[in-house]
Structures are given as C-alpha cells and as structure tokens.
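Read the structure below first, then the notes.
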Amino acid sequence: MDAYQSLITHWRETSLLSSCAALLGWDERTYMPRAGSAHRAKQMALLARMTHERLTDPRIGDWLSQLEGATDSAEQAANVREIGRTHRRAVRVPARLVEELARVTTQAQEVWVEARAAADFRRFLPWLDRIVALKREEAEALGNTAHPYDALLEEYEPGSSSDAIERLFRALARELAPFAAKLFDAPRQPNESILRREFPVADQERFGRAVAEAMGFDFQAGRLDVTTHPFCSGIGPGDCRLTTRYDPNHFSSGFFGILHECGHGIYEQNLPREHFGTPLGTACSLGIHESQSRLWENFVGRSPEFWQHYFPKAQDAFPSLRDVRLEDFVLAVNRVGRTFIRVEADEVTYNLHIVLRFELEKNLIQGDLSPGDVPDAWNQRFHELLGVRPPNDREGCLQDIHWSFGGIGYFPTYALGNLYAAQFMEAARRDLGEAELAEDFRQGRFNRLREWLVSRIHRQGQLYRAEELCRQVTGADLNHQPFMRYLRGKYSRLYGVLPD
Ligand code: ZN
C-alpha cells in the first residue's frame with residue numbers, strides 16, 4: 001500500500017474508534033442509568049487512551065513526510081493537511097499534561113457546579129487558576145503561533161487568529177451595542193407571556209419533529225431524544241442523534257432547541273459519506289457548524305415568513321395559542337432583552353455575551369488578566385456592552401461550564417457562527433432570489449435553501465478552511481456587515497424603530 005492509502009486506512013479506523021466513544025457519550029447523556037457512571041467513565045477513558053495512541057502513532061509522521069507537498073489532488077492535500085494538524089497537536093502535548101488536564105478539569109467541573117449554585121466565585125478561583133496555568137502550558141507546548149491563545153483557538157477554529165477575531169468583534173460590538181440599546185427602549189415591546197402558557201410536552205415533540213422533517217432532517221437516519229443540556233451527535237453515516245429538552249410552560253426552549261440541533265444534524269447528515277472517517281467527510285469547523293444551526297433556528301425559524309406558514313399549525317397543535325395574533329407571536333419569539341445568561345440571550349444581544357468572554361479568556365491566557373480579577377472585569381465589561389451589571393457571579397462569570405472543562409478558545413465559535421450564517425444567507429438570497437426564498441418559507445418549503453447549503457457547504461467537508469470556504473461561498477471575507485444588515489432590516493421593522 002502506498003503512504004496515502006496507509007494513512008487513510010489508519011485514520012478511518014481511528015475515526016471508527018472515536019465514533020464508538022461518541023455513541024457511548026450520547027447514551028451517557030440520555031438513557032444511561034445513573035449507577036452506571038463509574039463503569040462508563042472507565043470505558044470512555046480506555047477509548048480515549050486507545051484513540052490517543054493511534055493519533056500519535058509514529059508511522060503517521062513517516063507517511064506525512066512522504067506526502068506533504070507531494071499529493072495528487074486538492075482532496076488528498078486537504079486530508080493530508082488536516083490529519084497533519086491533528087497529529088502534530090496530539091504529539092506536541094506531553095502525556096503528563098494531558099492526564100493532568102483531564103484530572104483537574106474533572107474535579108473542577110464538580111467544584112464549578114457547587115460554586116455556581118452558591119454564587120461563590122472564591123470557591124472556584126483556585127481551580128480556574130490551575131486550569132489557566134495548565135492551558136498556558138498547553139499553548140506553549142503547541143507553540144507556533146503569534147499569541148498563545150491562537151494555539152488553543154486552533155483546536156476549534158483551524159486557521160483563525162485572535163487578531164482577526166479581535167478586529168471582527170470590535171467592529172461588531174461598536175455597532176451592535178447601540179443598536180441593542182435602541183431596541184431595549186423601543187416603544188413597541190413584545191408580550192412574552194404568550195409563550196409561557198400551556199404547551200404539553202407530547203404536542204411539542206410532535207410539532208417540533210414535523211418542522212425538523214420539513215426542514216430536511218432525515219429521521220430514517222437519525223433520532224430525537226431528551227436530555228438536560230441539548231446537543232447533536234453525528235455518530236456516522238446514517239446515524240445522527242439530536243437531543244432537546246421541553247418545558248411544558250415555555251414554547252421557545254423546546255421548539256427552537258430542536259431547530260438549532262436540527263441545523264447541526266442536517267449538516268452532519270449531508271457530509272459526504274464516502275469520505276467518512278477522513279477530514280473530507282468531517283465538518284469544516286465549529287464556527288461553520290454553528291452557522292448551520294443558527295441559520296435554521298434564527299434566520300429561518302424566527303422569520304415572519306416562516307410563521308405565516310407555521311403559526312396556524314401551531315394554533316392547531318396548541319389550543320393555548322388560539323387567541324394570539326400572528327404579529328404578536330412573531331414579536332414574542334423575537335424578544336430582545338438585557339439577559340444576564342448567555343444561553344437565554346436573543347439573537348441581537350447574543351454576540352455581545354461572546355465578545356465579553358473572548359476578551360477575558362484571551363487576556364487570561366496572555367497573562368494580562370489574573371483569574372482573581374475575572375468577576376470585576378466581567379461585570380464592568382458587561383455593563384459597557386449591555387448597560388446593566390449582573391447581580392451576582394452565578395448570573396455573571398460563573399454561568400458557563402466551558403472554563404471548568406478547559407474549553408478556552410471555544411466561545412468565539414458561537415459568534416463566528418452567527419456571522420457566517422448571515423453572510424451565507426445573503427449569498428443564498430442572491431443566488432436563489434430574495435422574493436422567491438421568502439415565498440418558499442411562506443409555503444413551508446425549504447428544499448431549495450437546504451440543497452444550496454448541502455452543495456456549497458456540507459459536501460465540502462474540510463476541503464477548505466472556514467475562512468476560505470466563506471470566500472468560496474459568498475465571494476467575500478467574513479465580516480460583520482451582513483449580520484448587522486440582517487438585524488437592522490428585521491428588528492427595526494418588528495420593533496418600529498428607525499434603522500439609524
Ligand atoms: Zn450549536
């Protein structure tokens with residue numbers, strides 16, 4: 001076998017092994033009995049060790065050195081590029097550091113749960129201190145970047161840099177913060193209580209499934225189950241698992257949760273299956289993944305046109321909505337507010353929550369912010385961006401799990417997802433016709449949009465890095481303007497304010 005075939009065969013088997021871990025992880029978060037957790041932890045640790053051994057196999061280095069700069073096609077070059085990236089990252093971080101990080105973050109997550117419940121940052125501080133120190137060590141081991149933070153970012157958004165993200169986020173926040181403030185004070189405000197009526201769980205599930213199916217999620221090749229913290233897991237070709245949670249007295253959390261995960265799921269289901277187990281059959285980046293979930297959740301699922309089709313159906317499904325007018329419902333599902341909690345934030349303010357986290361974690365890793373100063377820095381910046389100060393650290397810097405599991409560098413991908421989604425939607429409107437696409441939504445038809453996304457984004461796998469994919473699809477570098485145009489167009493109309 002030649003070097004390329006050997007490399008790909010080895011990599012496919014490694015992916016099969018990780019997909020076993022993914023399936024066990026799905027089970028752990030959905031159906032596993034509580035008492036099984038100690039045994040499951042052992043299974044997961046063994047699979048993680050076996051996967052790591054395969055990722056760091058010295059033969060990979062030999063194959064890569066024969067192949068780099070000597071591949072036959074753009075497809076082969078992409079596989080070699082991305083396998084090389086993953087292999088080198090795995091090799092550079094010493095086993096001692098990997099184990100130390102695993103040990104510390106497992107305990108830190110438990111402490112974080114208690115600290116958050118008690119709104120007591122001081123309890124979590126020694127652990128945050130330790131995690132930041134270890135992540136700085138990891139960044140140094142990974143090396144090769146202008147800023148240590150970039151080495152961590154690379155895990156989630158290959159090819160991106162903190163300088164580029166900082167420029168993008170600065171430009172965005174400068175326009176977004178004043179626009180959000182204008183909506184907070186707009187004379188027209190939603191009546192959100194119409195979403196807090198009775199929505200029986202079985203009806204929510206039926207309704208959500210029907211919409212996910214109409215959008216193009218294939219239930220012959222996927223499932224929808226219930227969990228505490230919703231996620232989507234692509235196990236492999238023909239098997240993609242969505243999860244959600246239902247609140248019988250709140251419409252939005254279940255329904256938009258399903259649309260969000262369904263967006264991730266449609267991406268996973270349309271990756272080229274012939275390339276499964278190689279970078280060409282893998283999602284481009286977390287930012288691009290998030291663009292697909294946000295696109296279906298917000299750009300489609302919160303659009304007035306979508307509800308022209310689905311609101312009468314929702315009224316059939318939920319008698320509690322029968323006295324509600326369409327325009328009041330649309331305004332309610334697009335409520336904009338000064339929310340302290342990121343996961344409850346609306347699509348206007350959401351990115352401000354991310355800008356704040358990006359700035360703080362970058363400064364932590366660069367050593368410009370000491371962990372003990374996080375609460376003050378958080379509250380001050382939150383006030384600058386959203387005009388209010390969190391009442392306590394539970395609703396401030398302790399709210400997210402990410403830092404406790406060592407996920408520093410993850411947050412920016414959420415905002416990148418929103419910006420990519422806006423830029424992709426502008427391109428889709430250009431290609432498919434703005435009026436025609438709006439009419440599609442009014443008729444509950446999503447196939448043209450989905451097929452456009454499949455051919456331009458999903459089928460590409462990791463052929464291009466995210467930035468290049470964006471240029472290929474939209475003809476421009478990622479920038480904040482499509483997102484701001486989208487918000488101004490939609491929300492100025494909904495809230496009856498002038499779009500500056
Ligand atoms: Zn998501």
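When a ligand or atom number is given, it counts from 1 through the structure's own listing order. The structure displayed is predicted, hence computed values, not measured ones.
Considering only residues two or more places apart in sequence or on other chains, R170 meets the side-chain hydrogen bond (donor to acceptor under 3.5 Å, both in side chains) condition with E166. Every residue two or more places apart in sequence or in another chain was checked for a side-chain hydrogen bond (donor to acceptor under 3.5 Å, both in side chains) with R167, and none qualifies.
Taking the six-membered ring where tryptophan is involved, the planes of Y486 and F483 are tilted, since the angle between them lies from 30° to 60°.
In this structure, H402 has its ring center under 6.0 Å from that of F411. Taking the centre of each ring, F255 and W307 come in below the 6.0 Å mark.
The count of protein N, O or S atoms under 2.8 Å from the Zn ion (ligand 1) stands at 3, with waters excluded from the count.
Residue pairs meeting the ring-ring contact (aromatic ring centres under 6.0 Å, His included) criterion with at least one partner in residues 447-469, sequence neighbours excluded, are Y267-H458.
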